[in-house]
Number of protein chains: 2
Amino acid sequence: MISKACRYGIRAVVYLASRYGETAKSSFAEISREVDAPEAYTAKILQILTKSGIISSIKGPNGGFYMERLQIDQAVINIVDTIDGLDVFYECGLGLKQCSASRPCPMHDQYKMARETLLDSFSRTTIEQLARRVKEGSSFVRNLAIPGVG
Amino acid sequence: MISKACRYGIRAVVYLASRYGETAKSSFAEISREVDAPEAYTAKILQILTKSGIISSIKGPNGGFYMERLQIDQAVINIVDTIDGLDVFYECGLGLKQCSASRPCPMHDQYKMARETLLDSFSRTTIEQLARRVKEGSSFVRNLAIPGVG
DNA sequence: ATAATAAAGGATTAAAATATCTTTTATTAT
DNA sequence: ATAATAAAAGATATTTTAATCCTTTATTAT
Ligand code: FES
Ligand code: FES
């Protein structure tokens with residue numbers, strides 16, 4: 001569905017958003033640790049997200065990644081768009097070159113429905129909403145620690 | 001979502017099913033042509049589908065691929081299971097190692113819903129139903145021919 | 001100014017998915 | 001029996017995605 005890079009990206013952004021208000025910025029080392037993602041790879045993803053304005057960053061001592069209020073209020077779909085693009089939400093589920101109602105594949109109606117449900121939920125949900133769930137402890141962006149590992 | 005191999009596979013099987021009743025069996029050359037999929041790769045996929053009993057085949061002259069009545073009446077999910085496995089329908093949408101209600105990611109409820117809608121439709125829909133749509137001309141397993149190409 | 005810090009950028013490697021090519025085996029018609 | 005046909009099997013190549021490593025640039029504290 002969505003790429004690994006994009007899943008790491010969403011988790012990272014939600015983590016960052018959940019730290020909104022804290023004075024200290026987060027390094028990619030901290031972020032990758034907190035979302036169980038490979039460090040160097042996460043750095044690349046954060047770089048892309050920064051360039052596209054999803055998150056912000058400052059170099060040097062006391063620098064790091066952080067988010068502004070306006071960034072936190074964005075829809076989650078913006079992250080997906082930046083990393084993977086939105087093609088997946090418009091493509092044919094059976095791989096035809098064009099998904100269209102006028103020349104549909106035999107799964108068209110059903111696939112389109114599921115695809116749109118997902119697009120809809122990514123579009124309507126803000127980063128802030130996800131961050132809130134994480135802050136209140138009802139959901140998580142990192143795996144359960146395995147005793148004796150990590 | 002589902003792999004390219006799997007999408008080729010579904011189109012190929014639906015095509016084969018749509019030819020149920022015809023005496024002549026279909027070669028992989030014919031099938032790959034009729035579903036716009038790379039020939040050698042399609043051959044591999046058909047091989048896997050044959051081994052798993054989704055479709056049948058006979059070697060040698062007048063041989064080829066074909067389907068039995070019982071095979072046509074299977075659910076489409078069996079094709080997905082054979083080629084990709086069903087993990088995608090149980091995995092976390094944000095890439096956590098475990099998708100669970102007790103330790104959910106912040107998109108869990110919404111993602112699970114879309115995932116299950118799709119699993120459900122793959123499970124309830126039979127190959128026969130898809131083949132029927134193709135036979136009656138209301139849907140298609142091959143791309144619209146581009147004039148002057150192919 | 002200098003050293004330390006932290007992200008940005010570029011280059012490279014590794015792994016997985018996609019795709020092709022070649023050889024072998026089974027079947028059939030002659 | 002022999003040649004032709006078509007899938008099965010195995011090996012190899014290409015492309016894409018994931019991941020790491022090294023160098024550069026910006027910022028800050030001393
Ligand atoms: S044509 Fe296949 S999903 Fe629309
Ligand atoms: S935990 Fe992420 S989808 Fe269930």
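Quick note on labels: first sequence line is chain A, next is B, and so on, each numbered from 1. Just the heavy atoms: all of them, side chains too, but no hydrogens, waters or symmetry mates, feed the values below.
In this structure, CZ of F65(B) is placed 18 Å from P of dT5(D), rounded to the nearest angstrom. Nucleotide dA16(C) holds its C1' atom 17 Å from the CD1 atom of I83(B), rounded to whole Å. Between Q47(A) atom CD and dA26(D) atom P the separation is 14 Å, expressed in whole Å. What separates CD1 of I58(B) from P of dA6(D) is a distance of 13 Å, to the nearest Å. Atoms CZ (F28(B)) and P (dT22(C)) sit 14 Å apart, rounded to a whole Å. Summarising the geometry, the separation between CG on L16(B) and P on dA7(D) is reported as 11 Å, rounded to the nearest angstrom. In this structure, the NZ atom of K51(A) is 8 Å from the C1' atom of dG9(C), given to the nearest Å. If you measure from atom CG of D84(A) to atom P of dA18(D), you get 8 Å, rounded to the nearest angstrom.
The closest side-chain heavy-atom distance from E68(B) to Y66(B) is below 4.5 Å. Between V13(B) and Q71(B) there is no side-chain heavy-atom pair separated by less than 4.5 Å.
Although no hydrogens or angles enter the test, the distance criterion places no donor-acceptor pair under 3.5 Å between the side chain of D84(A) and the main chain of I2(A). Judged purely by atom type and a 3.5 angstrom limit, R133(B) uses its side chain to pair as donor or acceptor with the backbone of P106(A).
Distance from the side chain of P61(B) is smallest to dT28(C) among dG9(C), dT28(C), dT20(C). Relative to the side chain of P38(B), the nucleotides dA8(C), dT20(C), dA18(D) differ in distance, and dT20(C) lies closest. Among the nucleotides dT18(C), dT25(D), dG9(C), the one closest to any side-chain atom of K59(A) is dT25(D).
In this structure, R69(A) forms a cation-pi arrangement with Y20(A), its terminal cationic atom sitting closer than 6.0 Å to the ring centre and no more than 45° off the ring axis.
When heavy atoms are screened at a 4.0 angstrom cut-off, S26(B) is found touching the sugar-phosphate backbone but no base atom.
As the counterpart of dT13(C), dA18(D) is assigned, both hydrogen-bonding distances of the Watson-Crick or G-U wobble pattern falling under 3.5 Å. Under the Watson-Crick and G-U wobble criteria, each requiring two contacts below 3.5 Å, nucleotide dT24(D) is paired to dA7(C). dA29(D) is paired with dT2(C) under the Watson-Crick or G-U wobble criterion, all donor-acceptor distances under 3.5 Å.
Between T50(B) and dA7(D), a side-chain N or O to OP1/OP2 separation shorter than 4.0 Å is absent. Contact check, K4(A) against dA19(D): a side-chain N or O comes under 4.0 Å of OP1 or OP2. Side-chain N/O atoms of Y41(A) include none lying less than 4.0 angstrom from OP1 or OP2 on dC21(D). Applying the 4.0 Å criterion to OP1 and OP2 of dT5(C), one finds that S27(A) has every side-chain N and O outside that range. Within the 4.0 Å cut-off from OP1 or OP2 of dT5(C), not a single side-chain nitrogen or oxygen of N62(A) is found.
Counting distance only, with no hydrogens placed and no angle test, the side-chain atoms of K44(A) and the base atoms of dG10(C) include a donor-acceptor pair under 3.5 Å.
Between T125(A) and M107(B), the shortest heavy-atom contact is CG2-SD, 4.5 Å.
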